[in-house]
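I have placed the structure first, in the form of structure tokens, so that the comments after it can refer back to it.
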Number of protein chains: 2
Amino acid sequence: MKITDETTRVWTTLVSTSRELVEQAEADLKGAGLPPLSWYDALLEIEDAGEDGIRPFILRERLLLPQYGTSRLLDRIARAGLIERRICDEDGRGQVIFITPEGRGTRQKMWPIYAKMLEGQIQDKLTAKEATTLADLLDKIRPAV
Amino acid sequence: MKITDETTRVWTTLVSTSRELVEQAEADLKGAGLPPLSWYDALLEIEDAGEDGIRPFILRERLLLPQYGTSRLLDRIARAGLIERRICDEDGRGQVIFITPEGRGTRQKMWPIYAKMLEGQIQDKLTAKEATTLADLLDKIRPAV
DNA sequence: TAGGTATACATGCAGTCGCATCTATAACGA
DNA sequence: TCGTTATAGATGCGACTGCATGTATACCTA
């Protein structure tokens with residue numbers, strides 16, 4: 001079980017690059033008085049669900065979060081008034097989540113901050129070809145979902 | 001400020017691949033009744049420091065952790081008896097950290113678990129050339145440290 | 001249709017994190 | 001040498017996470 005230097009370098013650069021970029025995005029958002037990244041992902045999915053809303057367990061699958069994580073994330077976002085939880089007519093155990101106008105507005109305010117970070121930290125630093133190669137290689141080592 | 005699809009794909013694969021691999025490693029370690037990854041990194045640095053020990057603020061720089069994070073991480077590791085904190089003769093504000101035999105032993109037990117994950121999730125999935133390319137590309141987007 | 005099992009979601013608890021602040025010592029400038 | 005500023009490290013507090021478990025409804029099988 002010999003681990004090569006290249007493997008170690010992939011591991012360390014992967015973890016630290018990811019961590020630093022995420023921290024950068026979180027700091028930018030916080031600096032603009034906006035919610036964290038996790039809210040963005042959730043709001044985007046909920047907004048995309050449109051008129052029908054979305055069930056928490058579906059959201060959970062999309063966001064790859066643990067069940068309790070989803071439950072509490074929705075709690076917080078709902079407390080901020082950005083989503084609305086309605087009981088689910090078809091399933092008495094469940095609920096359906098809808099985005100509110102405030103939720104839509106907040107997500108829209110988040111995007112420029114988010115995009116600016118992606119542009120400055122990723123897009124400007126890679127050619128289109130490099131970006132494709134990078135994403136392809138990351139996909140190769142990504143555990144099956 | 002137009003974000004291309006390649007950029008988005010880099011971002012999402014980067015974040016999710018990193019997260020999933022870290023979770024995998026944490027789960028493997030926990031499954032073996034061993035401490036989390038962060039302890040490994042700290043123990044390794046402290047062990048490498050050898051007879052002289054290491055100052056927490058140096059460790060902080062190496063591990064890229066916040067100051068309070070370092071302080072509390074060392075607290076936990078010390079409570080488990082894996083390191084020893086001694087007062088620093090040269091600097092009355094500070095301390096010097098040394099690894100204990102138990103600490104050495106724990107780190108050694110952690111390595112095979114860690115290595116097995118790196119082997120299975122990274123090394124087996126990439127050629128040496130691909131690994132180098134991947135690490136190089138990650139370095140290109142890594143924020144300056 | 002009754003009883004068991006599976007699914008949807010919530011939550012108590014303990015551990016960890018981020019933030020701000022605190023204490024103590026060191027270093028430096030007038 | 002005294003007062004100011006910088007540095008090393010700890011910590012109270014509130015927010016978040018993981019884990020285990022709880023509650024309620026749905027489904028399924030005999």
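These values consider heavy atoms only, across backbone and side chains, with no hydrogens, waters or symmetry-generated copies. Here is how names work: the chains are called A, B, and so on, in the same order as the sequence lines, proteins then strands, and each is numbered from 1.
The outermost nucleotides of DNA chain C lying under 4.0 Å from heavy atoms of chain A, listed 5' to 3', are C:dT7 to C:dC19.
By the side-chain contact (heavy atoms from CB on, under 4.5 Å) test, B:T100 is found to be paired with B:E84, B:E102, residues two or more places apart in sequence or in another chain being considered. In this structure A:T12 satisfies the side-chain contact (heavy atoms from CB on, under 4.5 Å) test together with A:T8, sequence neighbours excluded. B:E130 is linked by a salt bridge (Lys or Arg N to Asp or Glu O under 4.0 Å) to A:K140, counting only residues two or more places apart in sequence or in another chain. Residues passing the side-chain contact (heavy atoms from CB on, under 4.5 Å) test with A:T17 are A:T13, A:L21, B:L14, B:L138, B:I141, B:R142, sequence neighbours excluded. The salt bridge (Lys or Arg N to Asp or Glu O under 4.0 Å) search around A:R93 returns A:D91, not counting sequence neighbours.
B:V96 forms part of a hydrophobic cluster together with B:F98, judged by ILVMFWY side-chain heavy-atom separations under 4.5 Å.
Legend: salt bridge (Lys or Arg N to Asp or Glu O under 4.0 Å) pairs involving residues 3-18 of chain A, not counting sequence neighbours, sorted by first then second residue: A:R9-B:D136, A:R9-B:D139.
The shortest side-chain heavy-atom distance between B:E47 and B:R104 falls under the 4.5 Å cut-off.
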Starting at the 5' end of nucleotides 5-11 of chain D, put B wherever the base has a protein heavy atom under 4.0 Å, S where only the sugar-phosphate does, and a dash everywhere else. --BSBBB
Output side-chain donor-acceptor pairs under 3.5 Å for residues 22-40 of chain A, partner residues at least two apart or in another chain, one line each.
from  : atom 1 : to     : atom 2 : distance (Å)
A:Q24 : NE2    : A:D28  : OD1    : 3.0
A:E26 : OE1    : A:L37  : N      : 3.1
A:Y40 : OH     : A:R107 : NH1    : 2.8

Show me the donor-acceptor pairs within less than 3.5 Å that the side chains of residues 62-80 of chain A make with the rest of the protein, sequence neighbours left out.
from  : atom 1 : to    : atom 2 : distance (Å)
A:R62 : NH1    : A:E45 : OE1    : 3.1
A:T70 : OG1    : A:P66 : O      : 3.0
A:D75 : OD1    : A:R85 : NH1    : 2.5

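When the P atom of D:dG18 is taken as reference, atom CG of A:L64 falls 13 Å away, rounded to whole Å.
Contact check of residues 25-42 of chain A against DNA chain C (heavy atom, cut-off under 4.0 Å) returns A:K30.
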